[in-house]
Amino acid sequence: MAYYFFLSIQMLSVIFLGVECVYIYSKFKTRSQSYLLIFCIAALINNVGYMGVMTADNLGEASLAVRFCYIGKVWIPLALFAMILELARIKIPKVIAFLAVLIQLFIMLIVLTSEHHNLYYSADRKFVDEGLFPHAVYGHSMLYVLYTVLLNVYIVLGLYLLIRLYYKEENKDKRKTYVLFLFGVLSMALGLVTYLLNLTGGYDATSLGYAISGLLMAVSIIRYNLMDTLSYVKDFIADYISEGIVATNKYGDVIYYNERVSSMYPEADDDYQSVILGIKDTISAGDVICLDGKIYEPVCNPLYKSGEFIGHMYVLTDVTAIYNYMKELQKQKDIAEAANNSKSKFLSIASHEIRTPMNAIIGMTDIILSESDNLTEQQKKFLQNIRTSGDSLVSIVNDILDDSKIEAGKMEIVEDVYNLRKMTDELRLIIENRIGQKSIKLIYEIDDSIPEYIVGDGLRIRQILINLMNNAVKFTDEGFIKLIINCEDKDDNGYLLRFCVKDSGQGIKSEDLSKLGEAFTRIDVKRNHKKEGTGLGLAISRDFVNLMGGKLGVASEYGVGSEFFFSIWQKEADAEVLNDVSQSSVEEDVVFTAPDAKMLVVDDSPMNIAVVKGFVKQLGISLDTANSGAIAIEMIKKNRYDIIFMDYMMPEMDGIEVTSHIRAEALNCTDDQKAEYLKNVPIIVISGDDSAETKESFFKAGINDYLIKPIIKPVLNKMIYKWLRDELIIK
């Protein structure tokens, strides 16, 4: 009697699960529903198969029915667990999901082939006529045990997630849905436990548990509208998100718009075409929509279904906060740029104004030192101190300007050919002068394998080494200063050169090492308060090394000495460039006179004019002067000069304005010879501002070249030699 009762229950579960599968399939919309459909189909297959188990007359029939059960049975716990994860909005990595599917598929294949092995069921298999009905009895292998453990893990995790969802949910209908799901999982768990404990006389109660689970899920679907809830949630989200959404079909007709659009465009119900047209025009213009104090950015996306175009979706995103933030950011940027421009302008003027008197101080000091034979040793020492102090002041100005350029991102590395050994020879002279009377030995160690001429920013490398060696002189009272340059590596791209400046000076405390390179920062102030310097040199050197792709390092022991080093790649100059360089280097060192040349010097400072006069006296050049731009223009018109030196900043007309006027006169002049003269006469500007913008303005105005103050006699001579016609020069 019990047998027919359970068989009837089994038949009813099959009918019920079949009806449920049809219903769910007709309402199929979401991923959650797809998992529910898989669960019901799998349970249906299992229960149909188990009817075969209950009606089998021998072991062979029972084994066949069991294998059929597992085609569905393995997917039931996985589908149910996936559905619970979907309800809990938990996403698991794809690799784990794939592994879970692979495990279930493996178990199914193992069971389907169980007649040929003992991996899942042991060899102890028999058909017995006892319990509720005759049935097959199987011994279980380790794989069966492991799979049973996995089923329990699914059940326990599922129960935990459902309980957590229940307590976190405030919606009553949803809480009832979670309760039904909870009881569904519990019924499966109870069925599994009763079967494993053999409490049902051979009947697998898990099949009944699956049917009960399906019944409870059906109640949740029908009674609490689970199917419709998910669709409702989508509509709810679409209506109440901050973005406005409008959907049109492929003919341009509006088929949907959400509540946000309705509030933005009350006229949309009556005249949606004008709304769409306005949105399209805004998108075409790359503009934004301003409504009720809000700013919306519209975008249009095409819609496709199965690869076929079905319409457009217009999304209006509220970017008010972003727009206002960007507007404020632009305002602050404009303020910062204005401040930076003001700073740059101030530095440009300050640079010129400081370098102009320094030009007179340094220039006149050089003239006195070179031309006066009757000076006492003390007077010479005083003049040399003036010269050294002038150089220090110019160095400070240069450091401040370089730091400003680096900060503004305007400093560029300019690669050109330079003679490494000549540069180090020049450094020796500079540093020996800095050492003066100190008991310091200057040592050079330069790798002979390094080419004489290499390609890089020699000017910046020279500046870095001067800064490092000046610091070494400053903090070393006796002992040695060593410059080491060696080749660390070599390949087709060039040489990896390591520059190192080592000294036996006072060294640096370990706690002060982190402060090195900070602009306007000095360390060990109590000990170094009498040392000159701004602290900028090291910061600028570090930034220059960074720009060249290296990193400035330091090693120091307090009271013993310090070592500053960096490594950068430099290229070897090719043969063609070497030939040009060797020729130009001969020209730079040439000694000459030009008695037939006529030169004009334009400057509002009599002292600066006196410096140029003193420097060119030995060249025999005839020299005229003008103290304003207006006077210079008249003199240039009346006389023919072979070269003109002109101050950049002068009252009324600066050097750029004067040059522009002269070049313009060449275009308007009817006398061809005079026009040719005005067009081509070499004009060299003398400036205290060496910024890139200023240099560019020089060349745009027609200025041929420039000298940076303070003027150094050898540099001035080279400039004259460069621009005078060959026939005027006597070597």
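Just so it is clear, the model here is predicted, and its values are computed rather than measured.
When all heavy atoms of Thr365 and Ile386 are compared, the closest pair comes out as OG1-CG2, 3.6 Å. Ser556 approaches Ile508 most closely through the heavy-atom pair OG-N, 2.8 Å. When all heavy atoms of Val658 and Gly629 are compared, the pair lying nearest together is CG2-CA, 3.5 Å. In plain terms, the two heavy atoms of Tyr444 and Arg428 that are nearest each other are OH-N, 3.0 Å. The nearest pair of heavy atoms linking Gln570 to Asp457 is OE1-N, 4.4 Å. Contact between Met653 and Ala630 at its shortest, heavy atoms only, is SD-N, 4.2 Å.
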Please tabulate, for side-chain N and O atoms in residues 603-612, each donor-acceptor pair with protein atoms closer than 3.5 Å (sequence neighbours left out).
{"unit_1": "Asp603", "atom_1": "OD1", "unit_2": "Ser605", "atom_2": "N", "d": "2.8"}
{"unit_1": "Ser605", "atom_1": "OG", "unit_2": "Asn608", "atom_2": "N", "d": "3.4"}
{"unit_1": "Asn608", "atom_1": "OD1", "unit_2": "Asn359", "atom_2": "ND2", "d": "2.9"}

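Contact of the Lys438 side chain with the Asp477 side chain is registered, since non-hydrogen atoms from C-beta on lie closer than 4.5 Å. Using a 4.5 Å cut-off on side-chain heavy atoms (C-beta onward), Ile461 and Met548 make contact. In this structure the side chain of Thr659 never reaches within 4.5 angstrom of the side chain of Ile656, judged on heavy atoms. Between Tyr677 and Cys669, the closest side-chain pair of non-hydrogen atoms is not below 4.5 Å.
The structure places CD of Glu657 at 12.0 Å from CD1 of Ile662, a figure rounded to the nearest 0.5 Å. To the nearest 0.5 Å, atoms CG (Asp705) and CD1 (Ile683) are separated by 12.0 Å. The structure places CG of Leu600 at 8.5 Å from CG of Asn639, a figure rounded to the nearest 0.5 Å. The distance from the CG atom of Leu497 to the CG atom of Asp447 is 8.5 Å, given to the nearest 0.5 Å. Remark: Arg462 CZ to Lys422 NZ distance equals 10.5 Å, nearest 0.5 Å. Atom CZ of Phe566 sits about 14.5 Å away from atom CZ of Arg542, to the nearest 0.5 Å.
Annotation: Gln673, atom CD; neighbour count of heavy atoms from other residues, nucleotides and ligands within 6.0 Å does not exceed 12. No more than 12 heavy atoms of other residues, nucleotides or ligands lie within 6.0 Å of CD in Gln378, so this atom counts as exposed by the packing criterion. With a 6.0 Å radius and a threshold of 12 heavy atoms from other residues, nucleotides or ligands, Lys637 has its NZ atom above the threshold. For Lys571, the NZ atom counts as loosely surrounded, since its 6.0 Å shell holds 12 or fewer non-hydrogen atoms of other residues, nucleotides or ligands. For Gln618, the CD atom counts as loosely surrounded, since its 6.0 Å shell holds 12 or fewer non-hydrogen atoms of other residues, nucleotides or ligands.
Side chain of Arg460 to main chain of Phe544: no donor-acceptor pair is present (N/O by atom type, distance under 3.5 Å, no hydrogens or angles).
A salt bridge does not link Asp503 to Lys474: none of the charged side-chain nitrogens sits closer than 4.0 Å to a carboxylate oxygen. Residues Lys713 and Asp366 are not paired through a salt bridge, judged by the lack of any N-O separation under 4.0 Å between the basic side chain and the carboxylate.
Looking only at atom types and distance, the side chain of Asp334 has a donor-acceptor partner in the side chain of Gln330 under 3.5 Å away.
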Next on the checklist: Tyr648 vs Tyr706, test: ring-ring contact (aromatic ring centres under 6.0 Å, His included). Steps then yes/no.
Outcome noted: CA-CA 9 Å; Tyr648 167 37; Tyr706 61 90; over 10 Å; no
